[in-house]
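Positions are given from 1, in the same order as the sequence printed here. This is a predicted model, so every value here is computed, not measured.
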Amino acid sequence: MTATTVTERGRLTALRAAWLFDGTGSALIPDPLVVIDGGTIVAVDSGGAAPEGADVVDLGGAALLPGLVDTHVHLAFDASADPVGALAGRSGEQAVEAMISAGQAALRGGVTTVRDLGDRDYLSLGLRGRPGLPTIVAAGPPVTTPGGHCHYLGGVAEPTAAGARDAVREHVERGVDVIKIMASGGNLTPGTHQHLPQFEPEVLRAAVDEAHRHGLQVTAHAHAVGAIADAVAAGADGLEHASFWTEDSVDAPAELIQLIADRRTVVGATVGMVPMAGREPPPAIRARMPLLMANTRRLYEAGAPMVAGTDAGIAPIKPHDVVRWAPAMLRELGIGQAEALRMLTSVAAGVIGLGHRKGRVAPGFDADILAVDGDPIADPEALHRIRAVWARGTAVPDAGRSSTT
């Protein structure tokens, strides 16, 4: 715990609550006092007195947590029954307005930082730093093949080493924060296949090499076993989904699981679904779900670094605050609630390059704070009882109002 230093900015804000999960520990800290100066946390204490003249917000029996971090969202998709069709029917201006609404829904649900891994025409880049939205790490349109997965978003590359390098350079020139590449087909694009790779191994290697040359990480959408193996061999920093999809089932070779763990390739586990009557994953996913979960557990047990990448926006069961439902699926993998919360806060922030200022309630970190009623470790449902949200020190209007109602 630290002492408070009053700055020249004027009035401080002091948050009082019953408990604090700081983003790194395994237990709650009692009687916390969190002092905010503008958009930054300047002190965290237990049982301390508020600085003289500070605006005190007393949250009674609530628990404080870092704002949640979702490492895989699509702000351009509206979580409708046909998000691709809905986006296709929107002009650029209309798409931006829908993306703003998606970001606001995420904030109301306590999601204060998102990594957007697929927009249209680089629209998410213009939303970075905008007040009233989460902090956005933006990939722009995913790099894909002609007619490949999500080609309609605008990231088509010639499927050659030179074409991949050109595509990455275009993304760099646009100012993206990370490169997303579609190493396999996907469910949202008819004509592509999840069990088949989209790029030859040398093309993936060229894309990763070019991105790393410019100081950017690469995360690969990879369902197919071959696509996963190729992405790991190419040096990709992350794998989205990593489902080990085959034409008729799922097959995760033990040596590939161990290689992912040994290489420290981050697995973006696709977890988190809002239970909805009559709304379920497609039949092909439902049939494979037990094996998908078993293989994700094998990855975790092998020591592969893992975060929750929800794919928010792609379906009604994936609203933009869906990461609050991820711990329930993580527990099915044998991950305890405290570790699950770390995966949604400090661990996720580190993976997306913001571990120095996001994902913790600590001095010097951004004042992204979620207040919930109840003990979020002993009572996981507390995450859905939102009392208040602060994003970079600003209280979020209508915090806790569900995006699913």
Among [options], which residue satisfies the side-chain contact (heavy atoms from CB on, under 4.5 Å) criterion with [X]?
X      : options                      : answer
Val168 : Ile179, Val218, Leu216       : Ile179
Leu65  : Leu341, Thr345, Asp22, Leu28 : Leu341
Trp390 : Val396, Leu107, Val57        : Val57

*Derivation and outcome, side chain to side chain contact (heavy atoms under 4.5 Å, CB included), residues Phe21 and Val361*: CA-CA 8 Å; Phe21 173 77; Val361 178; over 6 Å; no

Side chain of [X], backbone of [Y]: donor and acceptor closer than 3.5 Å?
X      : Y      : result
Arg288 : Ala284 : yes
Arg324 : Gly109 : yes
Gln94  : Ser91  : yes
Ser346 : Arg360 : no
Lys180 : Leu117 : yes
Thr71  : Ala308 : yes
Asp45  : Leu33  : no
Arg264 : Gly303 : yes
Arg387 : Gly61  : no
Arg165 : Ala162 : no

*Do Ile36 and Leu12 pass the side chain to side chain contact (heavy atoms under 4.5 Å, CB included) test, and can you show the C-alpha distance, the side-chain angles, and the key distance before you say yes or no?*
CA-CA 6 Å; Ile36 299 170; Leu12 304 176; over 6 Å; no

If I take atom [atom1] from residue [X] and atom [atom2] from residue [Y], how far apart are they, to the nearest 0.5 angstrom?
X      : Y      : atom1 : atom2 : answer
Asp166 : Glu210 : CG    : CD    : 8.5 Å
Thr310 : Ile317 : OG1   : CD1   : 11.0 Å
Met182 : His221 : CE    : NE2   : 5.5 Å
Leu344 : Leu383 : CG    : CG    : 7.5 Å
Leu188 : Tyr152 : CG    : OH    : 5.0 Å
Asp321 : Ile386 : CG    : CD1   : 7.0 Å

*asked:* Assess the residue pair Arg108 and Asp398 against the criterion (salt bridge (charged side-chain N to carboxylate O under 4.0 Å, His left out)); give the C-alpha distance rounded to whole Å, side-chain angles, the decisive distance to 0.1 Å, and a yes or no.
replied: CA-CA 6 Å; Arg108 290 194 301 270; Asp398 299 320; 5.9 Å; no

*Taking it one step at a time, do Gln104 and Leu133 satisfy side chain to side chain contact (heavy atoms under 4.5 Å, CB included)?*
CA-CA 6 Å; Gln104 291 169 340; Leu133 293 179; 4.0 Å; yes

*Is it true that atom CZ of Arg130 has more than 12 heavy atoms of other residues, nucleotides or ligands lying nearer than 6.0 Å?*
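At most 12 heavy atoms, drawn from other residues, nucleotides or ligands, come within 6.0 Å of this atom.
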
*asked:* Please evaluate residues Ser80 and Asp82 with respect to the criterion side-chain hydrogen bond (donor to acceptor under 3.5 Å, both in side chains), reporting the C-alpha separation (whole Å), side-chain torsions for both, the decisive distance (0.1 Å), and the verdict.
replied: CA-CA 5 Å; Ser80 65; Asp82 182 14; over 6 Å; no

*Do the side-chain N and O atoms of Asp70 and His320 include a donor-acceptor pair separated by under 3.5 angstrom?*
no

*Verify whether one side chain among His151 and Thr144 offers a donor that lies under 3.5 Å from an acceptor in the other.*
no

_Could you go through Asp55 and Thr13, starting from their C-alpha distance and side-chain angles, then the distance that decides it, and tell me whether this counts as side-chain hydrogen bond (donor to acceptor under 3.5 Å, both in side chains)?_
CA-CA 5 Å; Asp55 293 323; Thr13 299; 4.7 Å; no

*Under the ring-ring contact (aromatic ring centres under 6.0 Å, His included) rule, collect the residues that match up with His74, sequence neighbours excluded.*
His72, Phe77

Side chains of [X] and [Y], heavy atoms from C-beta outward: is any pair under 4.5 Å?
X      : Y      : value
Asn187 : Pro282 : yes
Pro141 : Cys150 : no
Gln198 : Pro159 : no
Val250 : Asn295 : yes
Phe365 : His356 : no
Val156 : Thr145 : no

*Please test Thr189 against His149 for side-chain hydrogen bond (donor to acceptor under 3.5 Å, both in side chains), starting from the C-alpha separation and ending with a verdict.*
CA-CA 5 Å; Thr189 310; His149 184 38; 2.7 Å; yes

Nearest atoms (heavy-atom pairs only) where [X] meets [Y]:
X      : Y      : value
Pro380 : Arg331 : CB-NH1, 3.4 Å
His212 : Gly235 : CE1-O, 3.3 Å
Arg120 : Ala95  : NH2-CB, 3.8 Å

*Passes side-chain hydrogen bond (donor to acceptor under 3.5 Å, both in side chains), His223 versus Ser184? Steps please.*
CA-CA 6 Å; His223 285 293; Ser184 74; 5.3 Å; no

*Pick one: which of Asp366, Thr135, Thr112 meets side-chain hydrogen bond (donor to acceptor under 3.5 Å, both in side chains) with Arg392?*
Thr135

*Pair Trp245 + His193: ring centers closer than 6.0 Å*: no

*Verdict with reasoning, Val267 to Glu240, per side chain to side chain contact (heavy atoms under 4.5 Å, CB included)*: CA-CA 6 Å; Val267 174; Glu240 304 305 312; over 6 Å; no

_Under the criterion salt bridge (charged side-chain N to carboxylate O under 4.0 Å, His left out), I'd like the reasoning laid out for Asp230 against Arg205: C-alpha separation, chi angles, the key distance, then a yes or no._
CA-CA 8 Å; Asp230 291 345; Arg205 284 196 298 272; over 6 Å; no

With a 4.0 Å cut-off on N to O distance, would you call [X] and [Y] a salt bridge?
X      : Y      : answer
Arg297 : Glu301 : yes
Asp78  : Arg90  : yes
Arg357 : Asp368 : no
Lys318 : Asp311 : no

*Checking ring-ring contact (aromatic ring centres under 6.0 Å, His included) for the pair Tyr122/His171: CA distance, chi angles, key distance, verdict?*
CA-CA 9 Å; Tyr122 299 92; His171 281 68; 5.1 Å; yes

